[in-house]
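Start at 1 with the first residue, then count along the sequence. Both ligands and their constituent atoms are indexed starting at 1 by order of listing.
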Amino acid sequence: MIADLAEQLRDREQQSLLRRRQLLESPQAGRITVDGCDYLAFCSNDYLGLANHPQLIEAACEGVRRYGVGAGASHLISGHSVAHHELEQALAAFSGFPQALLFSTGYMANIGVVTALTGRADAVFADKLNHASLNDAALLSRAAFIRYPHLDLRVLEQHLASTGARRKLVISDTVFSMEGDIAPISQLIELCRRYDAWLLLDDAHGFGVMGEHGRGSLFLSDAIARVPNLIYMATLGKAAGVFGAFVAAQPDVIETLIQSARSYIYTTATPPLLAHTLLTSLKLIEREAWRREALEGSIVQLKQGLRALPWRLLPSCTPIQPLLIGDSVETVRISRCLRERGILVPAIRPPTVPQGAARLRISLSAVHTSDDVQCLVDVLNDLADA
Ligand SMILES: *Cc1c(COP(=O)(O)O)cnc(C)c1O
């Protein structure tokens with residue numbers, strides 16, 4: 001049996017698909033220490049640079065003094081702290097929904113929502129490039145699982161029009177994690193309204209970054225949060241800089257999740273100190289608009305600087321700027337060359353992205369200076385000329 005696993009692993013290695021973990025020795029930041037060396041890093045989801053913010057460190061210390069370290073129980077037993085409750089209210093207000101519910105992670109939130117709302121007689125419709133957690137959730141729900149081509153709402157509409165399912169749930173990333181592009185949110189909402197379908201939007205990469213005051217991708221278009229069939233999910237370990245996730249929706253949806261979302265019920269609540277810290281994080285997201293402006297400047301600078309490359313940046317106006325290389329081996333090679341020059345950009349390979357679409361996933365953060373971005377631009381241009 002072990003020999004069987006070893007052979008599989010060797011195959012992976014030969015195809016340049018073996019994943020390796022690096023040891024991070026510093027806090028998450030624009031410059032990080034990995035395996036003993038210092039790097040300029042374009043690989044985190046800490047888009048606003050809050051993960052190591054002094055005010056959040058201070059809030060975490062205050063939280064630990066007030067609530068201790070562990071939650072000690074699940075939310076439905078005795079682990080639901082006033083800190084969790086206060087954060088849920090703040091998140092609902094911030095995202096424009098009547099109610100919100102905290103989950104330990106975004107992965108668990110997606111599993112919880114989809115399995116609580118759908119079962120055997122139902123159908124889940126999903127964008128082909130959705131995050132893995134949404135796909136896993138759909139499979140676990142036992143509903144029919146129908147995937148439509150990326151952003152293709154005509155195909156989605158055909159499926160919605162022809163399904164005989166009892167309950168219909170459409171699920172989509174808002175900002176796609178490996179593409180950086182954005183779903184047509186208003187059209188999705190309108191389509192789901194017309195076909196009487198639920199809509200779950202995963203804003204893991206939009207929350208804190210997109211929309212007015214960083215309130216998320218829903219705020220890119222007209223206020224639509226009041227549409228009753230809309231369920232919003234966002235994570236708190238990316239731009240918000242801490243950990244966790246929440247679902248925001250109408251009160252009956254939230255109550256249903258409390259009653260039957262298994263990934264909410266059968267797990268220990270996250271440490272209340274994190275909820276306490278996130279209250280400060282929300283304030284920083286709202287107040288420090290300069291972070292989003294800095295990001296925007298870096299995005300423009302990167303796009304201009306990489307125009308002459310033989311590789312193409314995918315069309316994206318978000319901090320996720322993927323540089324499409326194609327071949328996995330070549331992508332890993334370029335990522336390694338960047339690393340040798342002191343810059344970390346991860347190579348993303350199948351199965352995370354489709355075959356032949358390996359890429360460098362450049363992610364920008366508000367903590368990058370224009371010198372940092374210029375350094376990446378110069379080295380990539382050098383590598384292309386070599
Ligand atoms: C990161 C991510 C998740 C998972 O969130 P975690 O809190 O890290 O578990 C879910 N959906 C998308 C689109 C993500 O990028």
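- The hydrophobic cluster containing V253 does not contain L230, counting ILVMFWY residues as joined when their side-chain heavy atoms lie under 4.5 angstrom apart, directly or transitively.
- For H75 and Y264, the gap between ring centers is short of 6.0 Å.
- F125 is linked by a ring pair (Phe, Tyr, Trp, His ring centres under 6.0 Å) to nothing, counting only residues two or more places apart in sequence or in another chain.
- Distance from atom 6 (P) of ligand 1 to its nearest protein heavy atom, with residue and atom name: G106 N, 3.3 Å.
- Near D173, meaning under 4.0 Å from one of its heavy atoms, ligand 1 places the atoms 13 (C).
- In terms of the ring pair (Phe, Tyr, Trp, His ring centres under 6.0 Å) criterion, residue partners of F94 (sequence neighbours excluded) are, by chain and number, F207.
- Considering backbone and side-chain N/O of D202, one or more are found under 3.5 Å from N/O of ligand 1.
- In terms of protein heavy-atom proximity, atom 8 (O) of ligand 1 is nearest to K238 NZ, 4.4 Å.
- Nearest non-hydrogen protein atom to atom 4 (C) of ligand 1 is Y107 N, 3.6 Å.
- Put simply, part of S133 is less than 4.0 Å from ligand 1, judged by heavy atoms.
- Cluster annotation: Y232 and V227 are assigned to the same hydrophobic cluster (Ile/Leu/Val/Met/Phe/Trp/Tyr, side-chain heavy-atom contacts under 4.5 Å, transitive).
- Here is the list of ligand 1 atoms found below 4.0 Å of a heavy atom in H205: 14 (C), 15 (O).
- Near T105, meaning under 4.0 Å from any of its heavy atoms, are these atoms of ligand 1: 7 (O), 9 (O).
- Of the polar atoms of A204, none of the N or O atoms is found under 3.5 Å from an N or O of ligand 1, judged by distance alone.
- Two residues are said to be in side-chain contact when any heavy atoms from C-beta on lie closer than 4.5 Å; L282 and L91 meet this criterion.
- Taking the six-membered ring wherever Trp is involved, the centroid distance between the rings of H131 and Y107 does not fall below 6.0 Å.
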